[in-house]
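Below: the structure, in structure tokens.
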2 protein chains.
Amino acid sequence: MNTRKTTNLPRNTDLTAIKRTLFAAAHAASAITLPAFRSGLNVDNKEDTHFDPVTEADQTAELIIRKTIEENFPDHTIVGEEHENKITSSPFSWIIDPIDGTRSFISGVPMWGTLIGVAYEGITFAGIMVQPFTGETYLGMPGISTFQRHTNKAQTISTSGIETLSEARLFTTTPALFEGEMAQTYAELESKIRLPRYGCYCYAYCLMAAGHADLVVETALKIYDIAALIPIVRNAGGIITNFQGNDPDDSGNIIAAATPQLHAGALAIMGKN
Amino acid sequence: MNTRKTTNLPRNTDLTAIKRTLFAAAHAASAITLPAFRSGLNVDNKEDTHFDPVTEADQTAELIIRKTIEENFPDHTIVGEEHENKITSSPFSWIIDPIDGTRSFISGVPMWGTLIGVAYEGITFAGIMVQPFTGETYLGMPGISTFQRHTNKAQTISTSGIETLSEARLFTTTPALFEGEMAQTYAELESKIRLPRYGCYCYAYCLMAAGHADLVVETALKIYDIAALIPIVRNAGGIITNFQGNDPDDSGNIIAAATPQLHAGALAIMGKN
């Protein structure tokens with residue numbers, strides 16, 4: 001089991017420029033997303049079978065994020081939820097979800113965020129989550145995760161010390177995520193934890209990274225749903241893997257936990273799938 | 001069916017003083033609740049069988065609210081979640097829930113609020129919800145409901161025009177609220193609506209009143225969970241009753257909807273219980 005895969009990030013990587021670009025891009029997106037939030041805008045459906053809303057704000061915000069990245073790192077790969085990927089020969093890639101939590105977004109609930117992750121050779125090492133309505137920014141960089149409200153000073157964050165399921169505050173999107181046999185294992189997990197909370201999307205991982213909650217379990221995430229969150233969770237001391245206990249960089253079913261012990265407890269149940 | 005029970009509120013009722021007291025009391029509570037939010041404070045259990053956290057902040061905030069009410073209306077009845085009721089011979093009563101949504105509160109999620117309602121002869125005619133982390137105030141007074149962010153100018157709010165279940169954004173605390181036969185009727189309702197959202201407590205009713213969502217269905221609410229929200233919903237144009245279609249002032253199972261048509265659609269299903 002490899003719960004903290006490390007990159008062989010080159011020593012001369014300009015982390016300051018990467019951090020500055022994460023901030024600039026994510027906050028530029030807020031100028032599009034925030035005015036659209038609670039504005040009663042129209043919603044399209046991506047698929048016929050599932051409700052998966054995409055707003056014009058979502059698509060426009062991604063273009064602004066891409067522009068900011070391209071101005072700073074013109075040769076890097078860019079992967080986004082809303083537009084075609086830009087594949088280059090660079091080992092660096094930026095992974096964008098302009099509005100993660102669109103179901104929150106379209107029902108007036110501020111539990112959504114703009115996500116941007118940065119990977120080297122496919123392994124994410126930096127990421128940002130911005131929630132513009134509440135004015136919150138969560139950032140993960142090598143060795144440190146931080147929380148910032150509005151333009152206040154950023155504070156270092158770390159996960160809670162919770163080690164047992166019976167004390168754990170658990171987040172998931174909805175119990176309905178888990179189908180078939182997985183519904184039974186999820187029900188077993190929920191019966192053992194202290195408190196379940198639903199529908200917080202990226203915000204859940206950030207609350208867990210900051211020590212306010214303890215466990216996140218979700219299924220069928222895409223790379224843009226999770227790339228930005230991996231560095232935020234790991235550099236705050238948390239563990240994040242798939243249901244096999246492996247690195248989640250290629251997306252899938254996710255367990256994120258405050259401590260190795262809590263992660264092992266959740267993995268012992270959800271890993272049956 | 002009586003969906004908009006009216007009070008015979010005396011003409012000389014000082015609504016300005018009541019509104020001023022609602023604001024002063026709810027915002028005084030924020031000075032206690034907000035510093036405690038995300039502070040890692042301890043949590044007690046009210047009951048052995050259910051997880052029902054009460055924090056010191058909850059209890060202290062109610063005392064501050066009571067003090068503010070007593071300074072302005074010394075002879076009025078006061079009913080609170082956390083302390084003994086003060087019963088007087090006045091036809092006016094104030095109903096307090098210092099922190100509605102304690103499960104949100106203890107997991108770092110800002111979907112909780114301070115609730116204060118005012119009733120005349122047992123019928124609520126004014127109410128306030130304050131969410132101090134996001135800086136939101138929702139107020140219902142005879143003939144008008146308003147939304148205010150921080151100290152910005154208050155805006156009149158009104159419910160959405162959604163009339164059909166298939167278009168409705170539904171809030172409930174959790175599907176697990178509904179047990180036995182009610183679980184089946186709730187599942188039927190959820191299968192017919194556009195989008196379910198869980199765990200927003202008082203915030204859900206306010207989002208519905210402001211037109212961002214369309215329907216709220218919950219069970220086993222207490223009077224202090226709902227008294228403040230009735231005037232906010234009704235004076236924004238919404239309908240709020242129990243599962244029998246009657247006035248919810250005595251608490252119970254609640255349906256709140258943006259339009260009479262949507263309310264009737266939800267009542268036709270949940271009213272089977």
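Within every chain, numbering begins at 1; the chains are lettered A, B, ... in the order of the sequence lines, protein sequences first and strands thereafter.
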Residue part contacting chain B, namely of A:Phe171, when any heavy atom lies under 4.5 Å: side chain
Residue among B:Met111, B:Arg149, B:Met208 with most heavy-atom pairs under 4.5 Å to chain A: B:Arg149
CZ on B:Arg38 to CZ on A:Phe147, rounded to 0.5 Å: 5.5 Å
Pick one of side chain, backbone, both or neither for [X], based on which atoms fall under 4.5 Å of a heavy atom in chain A.
{"X": "B:Ser160", "result": "neither"}
{"X": "B:Tyr203", "result": "side chain"}
{"X": "B:Glu136", "result": "side chain"}

Cationic tip of A:Arg197 above B:Tyr198 ring, under 6.0 Å, 45° of axis: no
Contact summary for B:Ala213 and A:Ser107, nearest pair of heavy atoms: CB-O, 4.3 Å
Heavy-atom pair of closest approach, residues B:Val109 and A:Cys200: CG2-SG, 4.2 Å
A:Ile106 and B:Arg194: CA distance, side-chain angles, deciding distance, side chain to side chain contact (heavy atoms under 4.5 Å, CB included) verdict: CA-CA 11 Å; A:Ile106 63 165; B:Arg194 176 180 164 208; 3.4 Å; yes
